[in-house]
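What follows is one structure encoded as structure tokens, with my remarks underneath.
Because the structure is predicted, anything quoted here is derived from the model rather than measured.
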Amino acid sequence: MREALRRAIEALGFPAVEVVLQQPRDPGHGDLATNVALKLGAQLKRPARDVAEQIAAQVQLAPGIVEKVEVAGPGFINFWLAAEALTDVLPRILEAGEKWGRSTRGAGKLVNVEFVSANPTGPLHVGHGRGAALGDAIASLLEATGYEVTREFYVNDAGVQVDRLARSLWARVQQAVGREAEIPEGGYHGNYLVDLARELIAAEGRGFAELPEEEGVRRCREIAVRRQREEQDRDLADFGVRFDVIYWESQLYGSGLVDDVLRRLGERGLTYERDGALWLRTSEFGDAKDRVLRKSDGSYTYFVPDIAYHVAKAERGFERAIDVWGADHHGYVPRMAAALAALGFPPDFFQAVIVQLVRVMRHGEEVRFSKRSGEFVTLRDLYEETGVDAARYFFLMRRADSQFVFDIDLATKQSEENPVYYVQYAHTRMAGIFRTGGIDPRKIGADGADLTLLSEPEEQELIKTLGQFPEVVSKAAETLEPHRIVTYLEEVARLVNGWYHRHRVLGAGADLERARLVLARAAQIVLANGLRLIGVSAPERM
RNA sequence: GCGCCCGUAGCUCAGCUGGAUAGAGCAUCGGCCUUCUAAGCCGAGGGUCGGAGGUUCGAAUCCUCCCGGGCGCGCCA
């Protein structure tokens, strides 16, 4: 099609332009349309309609594909496809089954998708949940487009925050045996540490509190970190998110990579000393200013291990590193990109996806959360109340960079007001047809079915839309935007529900029923595949 | 003050590498259950696409400025 247009343009002696074909939103404008004549008209300074007429007359299309060509509006060329060409996609969907929508664009390249990466200092909150849903869906999208994906969680177990956690727990241990102790400055006040301290005393005996402070804090650190990590993993697993690799910051120090990175930057002449500190010339690579690597007291800033961590990703064989970061970290993107550019990494190696904060509304008012005060909505609280499907769907139905309001009341409604069920219900209805008909959906084939009988407008629209799924998946993967899948699924569900309501499948007459079963099966496959990509179940019954 | 993101229907948001009358869900109003699940369908009302300029045959989409909201701007993590 595209090729035929290109040839026609060439034959007419017009300059070469990119031929863009799109599906017009108005069915009155055909099945496919192109605006090449408008582009050419502008370039040639000739009326676009004349150019369009010439192209339309010149273009030679394989018979049986296009039924009608028309020039319309300011110079669009509209095409109407023949019935066979349109329904041609249905057997392909049935044959591909679970694989429908997949592609091999990624060509087996290794990609690392790092997300959540919460400090091991407390339970995961709703913000982590949005990151988890997003990262997992991005990973799934990349897998669907042929990448080899590793889902990774990075643990800052060597920093100040963990130290504060350890000292906070130690203080709780002292309190548990009746001593006066205060949570240190910047420490963690959450009740989970009170519980953990009590547990510790129960398990280890009161003697635990008598340990020298240094050793007590050290053991508290180990115990608290292990405990928090276990709890986070449980929260994530029950949310349907699993990681292939948990990468510890402390691993980096053992590997010597941290010092190595500093050395490599120095060799390239990209560092300098000033005011007793060591600086990296990130401003030469697009950052707003240079950054400190080693403070004047001799210790490293967190920036150094972070750079080393990303270098390690490359050394582990990954060709792309995608990080899902909260909005509060967006300022570090140019800095990290600059550091990696300084080390000679290609610009497309590192990509950060910024996820905006989530506000949670309940009963019409905002639920505030803060780790300091120990009062917040945890991720587990949220999905235990709304269900995993609803929570994941809500997190993904909006663009990552939109600040959005999670309405718990809406998500928990078991009624038509809840958008989660809309897509699932469309899938359920298709399943219901097969169940009622006593048909095994996996055995439905298109062989021998006369698909040209699917001539109702609702059927034509639905078929066209089902055919777009692979493109939608590719685009979503390319842009790292899972919400495109949700938007698409809602469109499919709307068309499915409208079709289902207006036309019967079972009992429509032998030939028509046969054809409609193929369409119902194709719709079910697309809905199921799309839901799987975003980590939401596709139920048989509701 | 500087940087990034956002500003589209009453509410929550799609649409943004420019294209034909700006979409969905919720909310409001009116219809539809003897037939594959009404968690549904059909219809109606509702918009200066934050504002002002500019580029273009054509701007929600690109550019500039302004207004409003969020986040970030440390030898903190």
Side-chain angles (χ1 to χ4, degrees), chain A residues 18 20 22 24-26 28-29 33-35 38-39 41-42 45 47-49 72-76 78 119 121 156 159-164 186 274-279 287-289 291-303 306 326-335 354 356-357 359 361 394 397-407 410 413-426 428-437 439 479 483-484 486-488 490-491 493-494 496-508 513 516-517 520 541-542:
Chain A
E18 196 197 351
V20 177
Q22 54 178 219
R25 77 180 85 214
D26 182 346
H29 294 137
T34 181
N35 63 351
L38 289 152
K39 290 239 156 76
K45 299 202 193 313
R49 277 202 72 109
F76 289 97
N78 299 333
N119 282 333
T121 51
N156 285 107
V160 175
Q161 294 305 326
V162 167
D163 204 57
R164 288 177 181 160
R274 196 181 74 201
D275 306 330
L278 184 70
W279 298 68
D287 195 9
K289 52 173 286 194
R291 307 292 173 178
V292 171
L293 295 169
R294 193 180 59 225
K295 295 179 259 182
S296 54
D297 67 4
S299 66
Y300 294 151
T301 59
Y302 72 98
F303 188 30
D306 277 0
D328 53 340
H329 287 85
H330 81 265
Y332 307 107
V333 177
R335 176 178 322 190
I354 297 304
Q356 288 290 332
L357 304 183
R359 294 196 300 149
M361 300 286 286
F394 269 63
M397 67 184 179
R398 306 304 181 200
R399 290 171 45 178
D401 59 9
S402 73
Q403 308 157 18
F404 104 109
V405 177
F406 195 120
D407 184 341
L410 182 60
K413 267 188 186 159
Q414 298 272 328
S415 77
E416 78 267 358
E417 293 161 52
N418 193 334
V420 185
Y421 300 121
Y422 192 78
V423 176
Q424 290 185 317
Y425 189 57
T428 297
R429 281 179 144 177
M430 297 303 99
I433 293 172
F434 306 134
R435 190 167 54 241
T436 305
I439 298 157
T479 56
H483 80 274
R484 289 171 182 272
V486 177
T487 305
Y488 170 78
E490 285 179 359
E491 189 187 345
R494 195 171 57 252
V496 163
N497 282 328
W499 171 65
Y500 175 93
H501 186 264
R502 188 158 285 168
H503 307 291
R504 278 195 65 85
V505 175
L506 300 176
E513 176 180 309
R516 284 184 175 164
L517 279 170
R541 299 172 180 272
M542 289 171 72

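- A donor N or O paired with an acceptor N or O is not found under 3.5 Å between the base of B/G72 and the side-chain atoms of A/H329.
- The residue A/Y332 sits close to a base: some heavy atom pair falls under 4.0 Å.
- For a distance-only test at 3.5 Å, the side chain of A/Y421 fails to qualify as a donor-acceptor partner of the base of B/A39.
- For A/Y300 against B/C76, no side-chain N or O and base N or O form a donor-acceptor pair under 3.5 Å.
- The aromatic ring of A/F76 does not sit over the base of B/G19; the criterion of centres under 5.5 Å apart with planes under 30° is not met.
- For A/Y488 and B/A14, a side-chain-to-base donor-acceptor distance below 3.5 Å is absent, hydrogens and geometry of angles not being considered.
- Legend: residues meeting side-chain contact (heavy atoms from CB on, under 4.5 Å) with A/A72, ordered by chain and number and at least two apart, are A/N78.
- Nucleic acid contact class of A/N35 (heavy atoms, under 4.0 Å, all strands): base.
- Nearest to the side-chain atoms of A/R399 among the listed nucleotides B/A39, B/C41, B/A14 stands B/A14.
- Among the nucleotides B/A20, B/G25, B/C13, the one closest to the side chain of A/R398 is B/C13.
- Among the atoms of the strands shown, base atoms are found under 4.0 Å from some heavy atom of A/T428.
- Considering only side-chain atoms of A/H330, the nucleotide from B/G3, B/G74, B/A77 that sits closest is B/G3.
- In this model, a side-chain donor or acceptor of A/S296 finds a partner on the base of B/C75 within 3.5 Å.
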### Query
How does RNA chain B look in dot-bracket notation if pairs are Watson-Crick or G-U with both distances under 3.5 Å, crossing ones as [ ], other-strand ones as |?
(((((((..((((.....[...)))).(((((.......))))).....(((((..]....))))))))))))....
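- Using a 4.0 Å heavy-atom distance criterion, A/N78 is classed as a base contact.
- Summarising the geometry, the separation between CZ on A/R502 and C1' on B/A38 is reported as 16 Å, rounded to the nearest angstrom.
- Looking at heavy-atom distances under 4.0 Å, A/R274 makes contact with a base.
- The A/N497 side chain lies nearest to B/C41 when the options are B/C5, B/C41, B/G15.
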